[in-house]
Amino acid sequence: MTVSSATHRLRELLASSETEFLMEAHSGLSARIVAEAGFKGIWASGLAISAQCGVRDHNELSWTQVLDVVELMVDAATIPVLLDGDTGYGNFNNLRRLVRKLEQIGGAGVCIEDKCFPKTNSYIRGETQPLADIDEFCGKIKAGKDTQLDDAFCLVARVEALIAGWGMEEALRRAEAYHAAGADAILIHSKRSDPAEILRFSEEWANRCPLVIVPTSYSSTPTDVFRRAGVRLVVWANALIRGAVAEMQLVARTLYEKQTLVEVESEIAPLAEIFRLQQAEELEQAERRYIPCVREKPRALILGATRGRGLEPVTSDRPKIMLPIAGRSLLEHLVASFKRQGVHELHVVAGYRADAVQAAGVSVRTNAAHENTGELQSLWCALDVLSGDSIVLYGDLLFRDYILGDLLNAADAPISVVVDSSPLPERGNVSDLAYCSASDDRGLYRTDVVLERITEAQSWSGRRPDGRWIGMLRARAGGISEIRSALCELRKSADFEQLGLPDLLNALVSRHVHVRVLYVHGHWLDVNDLSDLERANAFARGPRAASEVRA
Ligand code: SPV
Ligand code: MG
């Protein structure tokens with residue numbers, strides 16, 4: 001599909017068989033709001049642009065200052081912008097410069113009025129304002145039309161004769177001359193409170209070229225009256241700036257008096273709406289695409305739904321993940337570890353006493369069926385956050401920073417798991433035993449070892465496991481889609497609710513997904529029973545304290 005250029009779209013509005021509308025905007029933000037509202041074009045109002053800059057509509061802004069604003073409006077909106085170009089900011093030569101620059105920044109057209117520079121707003125002593133000489137103004141129109149490079153660029157000539165009190169005959173004479181000089185449309189302006197002179201002009205004009213009006217002073221006239229009169233373009237010239245001023249005054253006064261945001265919060269746009277209008281999300285996506293370090297920073301999903309078997313005496317009011325270790329909760333330790341490594345998007349799946357699960361910067365979702373389900377059900381509850389590079393881990397882990405750092409820096413693999421190759425006890429209740437394609441000879445650092453299987457301690461027989469999976473995995477975008485489809489498959493099995501992360505890893509391996517192993521040698525622990533708590537306290541206080549406990 002080809003999208004026609006802004007100039008063509010403005011020209012189409014002028015040629016429309018319907019009455020069309022332009023809405024005033026005065027900034028990038030207001031231009032976007034106008035486009036979102038559904039308008040097909042924007043009136044870049046001189047009054048509104050100067051007002052939002054806090055100066056008079058008296059050519060107090062330089063023309064380049066005006067164009068700076070117009071450029072932002074063109075960038076922000078997807079609809080054509082017609083610039084209210086006052087008198088063209090000088091003589092024919094100034095208009096030529098204006099048209100050239102306006103075309104360069106993507107303006108669709110310009111409207112110039114037959115007054116003298118510096119002009120003032122038509123509603124301020126309009127009858128005392130001198131009008132331009134007709135021939136001089138016609139020369140200006142010709143100069144503008146000769147300058148434009150794009151044939152579709154529109155030049156609208158604005159007749160101020162009615163405003164200045166020169167009468168209908170003069171208005172028509174001028175319109176005729178401007179039309180003959182090449183103007184694409186005539187804007188006939190009136191400051192009367194009724195539309196009588198506009199309607200008479202329209203009748204006399206008889207559509208010799210499209211007619212544009214600005215019904216500010218005769219605002220109570222039903223729009224159908226303009227339709228019936230054959231007006232092509234109606235310009236709502238200042239409603240947004242007036243609306244913004246009224247709201248800003250109200251909010252400023254209220255806040256000044258009440259000294260609390262509570263009084264205005266529900267009346268003003270939420271911050272999220274401002275960010276949406278600024279298209280903040282687009283930047284986030286672009287950062288993920290174009291900045292390598294941003295692309296590499298995954299989100300973390302912490303599974304923290306369990307109360308903790310063996311920890312009942314200390315978990316009556318909180319789950320295991322909220323147990324205090326060296327002055328702060330396990331979850332807070334995890335949050336700090338991730339933040340130190342630059343991972344800031346953190347999610348936890350809570351279950352048992354979910355009400356007690358909280359930590360700054362962490363979003364919490366709940367596995368409501370936690371009592372009868374396992375880790376995969378928790379993972380299922382957080383499927384929406386598993387959309388890109390992600391770290392998934394048990395919520396009862398403590399680890400030295402380098403482990404997470406190495407996992408984050410590891411070479412590309414769809415999925416990576418951290419396996420501790422420290423000697424295993426001969427027998428005992430050790431879970432998550434990992435069989436890998438090669439054992440850790442401590443010289444294989446970062447070579448391509450892959451996971452073959454994870455088993456429970458009980459099934460350890462024959463070949464000695466290569467280590468113990470510590471309960472942490474990383475899945476990049478490709479791995480995430482594998483995880484999603486493996487989960488969907490596993491959900492069909494009757495025992496899905498009892499399955500844990502090792503079952504998922506085994507399923508991935510059997511689907512021939514490359515699950516890369518990152519070996520570590522100690523420097524982590526998990527909290528499974530009361531005796532682990534003491535070790536965890538020492539571990540969290542630092543390596544020296546931890547070695548004292550071991551001794
Ligand atoms: C403007 O919007 O700046 C205009 C229209 O020129 S009016 O203020 O009605 O003259
Ligand atoms: Mg103006």
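Computed from a predicted structure; not experimentally measured.
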Just by distance, with hydrogens left out, do [X] and [Y] show a side-chain donor and acceptor under 3.5 Å apart?
X	Y	value
Gln52	Ser27	no
Arg242	Thr216	no
Arg307	Thr315	yes
Lys101	Thr64	no
Ser50	Glu60	no

Do the non-hydrogen side-chain atoms of [X] and [Y] ever get within less than 4.5 Å of each other?
X	Y	answer
Leu504	Leu499	no
Arg56	Thr120	no
Leu346	Leu334	no
Val212	Leu14	yes
Leu233	Pro210	no
Val385	Arg365	yes
Arg158	Ser122	yes
Phe338	Leu393	yes

For a quick test of reading the model, state the closest non-hydrogen atom pair linking [X] to [Y] and the distance between them.
X	Y	result
Phe539	Phe399	CE2-N, 3.7 Å
Gly395	Leu330	O-CD1, 4.1 Å
Ala6	Gly106	CB-O, 4.4 Å
Ser30	His26	OG-N, 2.9 Å
Arg476	Leu408	NH2-O, 4.5 Å

[X] atom [atom1], neighbour heavy-atom count above 12 within 6.0 Å:
X	atom1	value
Glu281	CD	no
Arg318	CZ	yes
Lys40	NZ	no
Lys339	NZ	yes
Arg484	CZ	yes
Gln358	CD	no

Hey, mind stepping through Glu12 and Arg9 against salt bridge (charged side-chain N to carboxylate O under 4.0 Å, His left out) and telling me if it holds? CA-CA 5 Å; Glu12 280 161 21; Arg9 280 178 284 151; over 6 Å; no
Taking the six-membered ring of Trp380, is the NZ or CZ of Arg491 close enough (under 6.0 Å from the centre) and on axis enough (within 45°)?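 Satisfied, under 6.0 Å and within 45°.
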Sort out for me which residue in Leu407, Val343, Leu473 forms a side chain to side chain contact (heavy atoms under 4.5 Å, CB included) with Ile391.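 Answer to the side chain to side chain contact (heavy atoms under 4.5 Å, CB included) test with Ile391 among Leu407, Val343, Leu473: Leu407.
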I need the single residue from Phe226, Trp236, Phe39, Trp43 that forms a ring-ring contact (aromatic ring centres under 6.0 Å, His included) with Phe21. Which is it?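 Going through the options one by one, the only one that passes is Trp236.
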